[in-house]
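Just so you know, residue 1 is the first one in the sequence shown, and it goes up from there.
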Amino acid sequence: MKEKKKEIGTEQKIYAALLVIGMIALASLTLLYGRKTKKMNDMVEQNIELDDESPVSGQVASTEEESGQTTAQENETEETKEENQTANQEASQETAKIQNRSYNGKDKLIWPVSGNVLIPYSMDTTVYFETLDQYQCNPGLYLKAERGTEVKAVYGGTVTKITTDDRLGQMITVDMGNGYEMIYGQLENISCKKGDVIKTGSVIGKVAEPTNYFMLEGSHLYVKMTKDKKPVNPTDYFES
């Protein structure tokens, strides 16, 4: 009987010890879990704060601004393209009008400069050239004008030649259509080039100093008008 009671007491002690150990283990696990949970919560809070401070949102806003600027630039570029296209179309239309409007030989031409006739056109008789001290036929017209005077196109047309001549200096040839051409000489500061389509009254250059062939005559503009390559009297076509 005593041995049976002794065995029961021993079992109770063992059970009590296991219970204590179990409680200690449970308490340790609970404490460990609590610390781990707190640590995870702290990390989450830190991540949230980092997200708040992250420049991503600013970058997004910046990207949106850049996108807006790009769109504005694209719109401006499109508007510029449209304006350029319109300007080119208008220029092409104007060029077409000039090219289609050939001189009919009847309309009066404007004077290229305002000045007296220095040496008249004369192919039937000779005229006197003071510097050369000679009488010669003259297929053109010499108009008195100060150096630097602007020279205007007497009629619209296409520039076919720009040349330099020892006697007549820098020269421009303009095809006015229907076989009519106008040649301008004794020029400087030419403001057009071969192939240009010019309008009536356009400034094509300025009067230069005379060449050595005309030192005594003084500065002037030389003009020569031809029909089918044959010289005609320009004064018959200029305004009265």
Side-chain angles (χ1 to χ4, degrees), residues 80 83-105 107-121 131 138-215 217-227 229 231-240:
T80 302
E83 291 176 358
N84 290 339
Q85 288 176 354
T86 301
N88 290 336
Q89 288 175 355
E90 291 177 352
S92 299
Q93 291 172 357
E94 185 64 27
T95 299
K97 288 180 182 179
I98 294 171
Q99 290 175 334
N100 293 333
R101 186 189 172 200
S102 297
Y103 183 58
N104 57 19
D107 295 337
K108 290 298 181 180
L109 307 176
I110 67 170
W111 289 83
V113 294
S114 298
N116 295 327
V117 176
L118 188 63
I119 303 175
Y121 169 91
T131 302
N138 179 28
L141 192 65
Y142 295 80
L143 302 174
K144 186 71 176 177
E146 296 296 325
R147 181 184 180 184
T149 301
E150 290 185 341
V151 178
K152 297 179 180 180
V154 300
Y155 195 83
T158 303
V159 178
T160 56
K161 293 180 184 178
I162 297 180
T163 57
T164 301
D165 182 82
D166 290 340
R167 176 167 177 160
L168 298 173
Q170 293 187 63
M171 304 170 64
I172 295 175
T173 301
V174 178
D175 180 5
M176 300 188 297
N178 285 331
Y180 287 95
E181 287 185 333
M182 184 66 72
I183 301 168
Y184 307 80
Q186 301 286 8
L187 296 174
E188 65 180 5
N189 297 331
I190 293 174
S191 55
C192 57
K193 62 183 182 299
K194 182 179 178 180
D196 282 356
V197 177
I198 59 177
K199 297 186 291 186
T200 302
S202 297
V203 176
I204 58 175
K206 295 182 179 181
V207 174
E209 285 190 4
T211 61
N212 293 332
Y213 289 80
F214 298 96
M215 295 301 294
E217 283 83 357
S219 60
H220 62 275
L221 173 68
Y222 172 78
V223 291
K224 177 183 177 182
M225 186 174 180
T226 62
K227 167 62 174 170
K229 304 299 182 182
V232 293
N233 189 351
T235 54
D236 292 340
Y237 300 86
F238 286 150
E239 296 173 341
S240 300

S.K.: Does the N178 side chain pair with the main chain of Y103, one donor and one acceptor, at a distance under 3.5 Å?
M.R.: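 Judged by distance alone, yes, a pair lies under 3.5 Å.
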S.K.: Decide if atom CG of N116 counts as having more than 12 heavy atoms of other residues, nucleotides or ligands within a radius under 6.0 Å.
M.R.: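 Check fails, neighbour count at 12 or below.
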S.K.: Please report the C-alpha distance between Y121 and D236 in whole Å, then the side-chain angles of each, then the deciding distance to 0.1 Å, and finally whether the side-chain contact (heavy atoms from CB on, under 4.5 Å) criterion is met.
M.R.: CA-CA 10 Å; Y121 169 91; D236 292 340; over 6 Å; no
S.K.: Looking at D175, is its backbone amide N or carbonyl O close enough to the side chain of T158 to form a donor-acceptor pair, meaning the two atoms are under 3.5 Å apart?
M.R.: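 Between the backbone of D175 and the side chain of T158 there is no qualifying donor-acceptor contact (under 3.5 Å).
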S.K.: Is a salt bridge present between K108 and E239, judged by a nitrogen-to-oxygen distance below 4.0 Å?
M.R.: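 No, no charged N to carboxylate O under 4.0 Å.
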S.K.: Which atom names give the shortest non-hydrogen contact between K206 and N189, and what distance separates them?
M.R.: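 Heavy atoms only, the tightest pair is CD-ND2, 3.9 Å.
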S.K.: Quick one: are the ring centres of F214 and Y142 less than 6.0 Å apart?
M.R.: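 Yes; Y142 has its ring centre under 6.0 Å from that of F214.
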S.K.: Give a yes or no on whether the backbone of I183 and the side-chain of T173 come within a donor-acceptor separation of less than 3.5 Å.
M.R.: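 Such a contact is absent between T173 side chain and I183 backbone.
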S.K.: The test is side-chain contact (heavy atoms from CB on, under 4.5 Å); show your working for H220 and L143 and say whether it passes.
M.R.: CA-CA 5 Å; H220 62 275; L143 302 174; 5.8 Å; no
S.K.: Considering non-hydrogen atoms only, spot the tightest contact between Y155 and D107 and give its length.
M.R.: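 Here Y155 and D107 meet closest at OH-OD2, 4.3 Å.
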S.K.: Hey, is the main chain of V203 close enough, under 3.5 Å, to the side chain of S191 for a donor-acceptor pair?
M.R.: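 Checked: pair present.
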S.K.: To the nearest 0.5 Å, how far apart are CG in L187 and CG in L221?
M.R.: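 So the gap between those two atoms works out to 6.0 Å.
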S.K.: Where do M176 and M225 come nearest, in terms of heavy atoms and distance?
M.R.: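 Reported closest heavy-atom pair: CE-CE, 4.0 Å.
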S.K.: What distance do Y213 atom OH and R167 atom CZ have between them, rounded to the nearest 0.5 Å?
M.R.: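 Answer for the OH-CZ pair, Y213 versus R167, is 7.5 Å.
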S.K.: Hey, is the main chain of G156 close enough, under 3.5 Å, to the side chain of T200 for a donor-acceptor pair?
M.R.: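 Looks like yes, one N/O pair under 3.5 Å.
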S.K.: For E217 and T131, indicate whether the former's side chain and the latter's backbone hold a donor-acceptor pair under 3.5 Å.
M.R.: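 Answer holds: yes.
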S.K.: Mark yes or no for whether N233, through its side chain, and T235, through its backbone, hold a donor-acceptor pair below 3.5 Å.
M.R.: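 Flag set: sc N233 to bb T235 pair under 3.5 Å.
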S.K.: Please report the closest heavy-atom contact between P234 and V232, naming both atoms and the distance.
M.R.: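 Taking P234 first and V232 second, the nearest heavy atoms are CD-O, 3.1 Å.
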S.K.: Y184 and P112: which non-hydrogen atoms are nearest, and at how many Å?
M.R.: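 Scanning both residues completely, I find the closest heavy atoms to be CE2-CB, 4.3 Å.
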S.K.: I need the K224 NZ to M182 CE distance, nearest 0.5 Å.
M.R.: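 These two atoms lie 12.0 Å from each other.
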S.K.: Of the non-hydrogen atoms in G105 and Y180, which two are nearest, and what is the gap between them?
M.R.: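 Smallest heavy-atom distance, with atoms named: CA-OH, 3.5 Å.
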S.K.: Output the distance between atom CD (E209) and atom CD (E188), rounded to the nearest 0.5 Å.
M.R.: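 Nearest 0.5 Å value for the CD-CD distance: 7.5 Å.
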S.K.: For the atom pair OG1 (T163) and CG (L168), what is the distance rounded to the nearest 0.5 Å?
M.R.: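 Separation between the atoms: 9.0 Å.
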S.K.: Applying side-chain contact (heavy atoms from CB on, under 4.5 Å) to D166 and T211, what does each step give before you reach the verdict?
M.R.: CA-CA 7 Å; D166 290 340; T211 61; over 6 Å; no
